[in-house]
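Only one structure is covered here, and it is reproduced in the block below.
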Amino acid sequence: MSSEEMYLLYHGLILPKETHSLESLKFAQEFTFKDEDVVAVTYPKSGTIWMQEILPLVLNGGDLTPIQTIPNWDRVPWLEEKRLAVVVDQLASPRALVTHFPYHLMPPSFHTSKAKVIYVIRNPKDVIVSSYYFHQMAGFLDDPGTFDEFINKFLEGRVMFGKWTDHVKGWRHTELGDRIMYITYEEMLQDLPAALGRISDFLGRHLSEETIQKIAQHCSFKNMKANNMSNFSLVPKVHMDPDKSPFLRKGIAGDWKNHFSSELLARFTSVIHKELGSDSVSLPWSLD
Ligand code: PPS
């Protein structure tokens, strides 16, 4: 399939047609956010489906029903994807959504509402590795080529949702004040109960230690990998082939060390540093 057949272009971003359409993007722009909505924002491969597991559990005091009975894409749908229009009327209140949209493409009602935002950042070197394997297993994405070639595409923003640096910078400088909370994938890995405590306080839930521990257990990599409602095993192999690479692949920080040569690392770091400018000082991990 040619890349014109696979992707559509939306405000300069390439998006896979399998999951996005001009109608779904119009639906997103016209979507009416409610004050009690919660949206997790991620650049792809930064912890989206992890938040699709965490948010319903935190919002419902640890009730396991949603994560055991509803596939992740319907439970906490993507704002920009086709499924939202199908399931929007069935979403339990308070509604949880995810989005990969850059800040400037969020719909008007998002800005006038009081909906809360959790922005998850992941080390871009691990993002690119995760994305590289995802392109191999997802039948609706183009062949990533060699890792070296894929790095070039990533750095030039010729990948889904554009440049990582634009996404991070756009969401760092918002008018959202205390409506937005930032968290890193690495922080969630290092101490999930502490991260869940922060999320639950931000959402005004103030869960007990016992509930936090229960949620942490159900959101572990191992348990999510075993949960058919979250591991994409319900998706036909032609779209996602776990024999090529599972969606829940390694779930670690630092896998980039197994993929970057010192030359690639130097090139990657120099571009990211330059584009982030003064923003790089506030990132939680070293880019080197
Ligand atoms: S997507 O396609 O944008 O929705 O992908 P996304 O969910 O953002 O990112 C997928 C990566 O997140 C990892 N993941 C987890 N890591 C640790 N613990 C838990 N519970 C967890 N859930 C998802 C997933 O394994 C992908 O990372 P890699 O490095 O490929 O393993």
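Note that ligands are numbered from 1 as they come in the structure, with each ligand's atoms numbered from 1 the same way.
Taking each of M188, M224, R122, K222 in turn, the one with a heavy atom nearest to atom 27 (O) of ligand 1 proves to be R122. Of the candidates G47, A253, S130, P246, S130 brings a heavy atom nearest to atom 26 (C) of ligand 1.
Of the protein's non-hydrogen atoms, the one nearest atom 16 (N) of ligand 1 is Y185 OH, 2.7 Å. Regarding atom 7 (O) of ligand 1, its nearest protein heavy-atom neighbour is I49 N, 2.9 Å. Among protein heavy atoms, atom 24 (C) of ligand 1 sits closest to F247 O, 3.9 Å. Nearest non-hydrogen protein atom to atom 3 (O) of ligand 1 is K45 N, 2.9 Å. Ranking protein heavy atoms by distance to atom 8 (O) of ligand 1, first place goes to T48 OG1, 2.5 Å. Here the heavy atom of the protein found nearest to atom 23 (C) of ligand 1 is L248 CD2, 3.5 Å.
For the residue pair N152 and R267, a side-chain donor N or O sits within less than 3.5 Å of a side-chain acceptor on the partner.
In this structure, H135 has its ring center under 6.0 Å from that of F150. For Y132 and F154, the ring centers sit 6.0 Å or farther from each other. Centroid-to-centroid, the aromatic rings of Y182 and W171 stay 6.0 Å apart or farther. Annotation: H111 is in aromatic contact with Y103 [ring centroid separation under 6.0 Å].
Counting atoms of ligand 1 from 1 in the listed order, those under 4.0 Å from a heavy atom of H100 are 3 (O). Counting the atoms of ligand 1 from 1 in the order shown, those under 4.0 Å from a heavy atom of S220 are 20 (N). Heavy-atom proximity to C219, at under 4.0 Å, picks out these atoms of ligand 1: 20 (N). Numbered from 1 in the order shown, with element, the atoms of ligand 1 that lie under 4.0 Å from a heavy atom of W78 read 4 (O). Against a heavy-atom cut-off of under 4.0 Å, K250 is close to the following atoms of ligand 1: 31 (O). Distances below 4.0 Å separate heavy atoms of P44 from the following atoms of ligand 1: 3 (O).
Atom CD of E210 has 12 or fewer neighbouring heavy atoms from other residues, nucleotides or ligands inside a 6.0 Å radius.
For the pair K17 and F140, the NZ or CZ position fails the cation-pi test of under 6.0 Å to the six-membered ring centre and within 45 degrees of the ring normal. A cation-pi arrangement, defined by a distance under 6.0 Å to the six-membered ring centre and an angle within 45 degrees of its axis, is present between R179 and F110. Cation-pi geometry between K45 and F134 is met: the NZ or CZ atom falls under 6.0 Å from the ring centre, inside 45° of the normal.
Not a single heavy atom of F161 sits under 4.0 Å from any atom of ligand 1. Ligand 1 has no atom lying under 4.0 Å from any heavy atom of Q52.
At under 3.5 Å, not a single nitrogen or oxygen of D126, backbone or side chain, sits near a nitrogen or oxygen of ligand 1. Remark: ligand 1 and W50 share an N or O pair separated by less than 3.5 Å (distance only, no angle test). Between G251 and ligand 1, at least one N/O pair is under 3.5 Å apart. Ligand 1 has no nitrogen or oxygen under 3.5 angstrom from a nitrogen or oxygen of Y43. When only interatomic distances are considered, the shortest N/O to N/O separation between I252 and ligand 1 does not fall below 3.5 Å.
Of all heavy-atom pairs spanning Y185 and G47, the tightest one is CD1-CA, 4.2 Å.
A salt bridge is defined here as a Lys NZ or Arg NE, NH1 or NH2 lying under 4.0 Å from an Asp or Glu carboxylate O, and K153 with E149 fails to meet this definition. Here K116 does not pair with D37 in a salt bridge; the nearest charged N to carboxylate O distance is not below 4.0 Å.
The residue E53 has no part lying near ligand 1, judged by heavy-atom distances below 4.0 Å.
Put simply, the side chain of M229 does not reach to within 4.5 Å of the side chain of W73, judged on heavy atoms.
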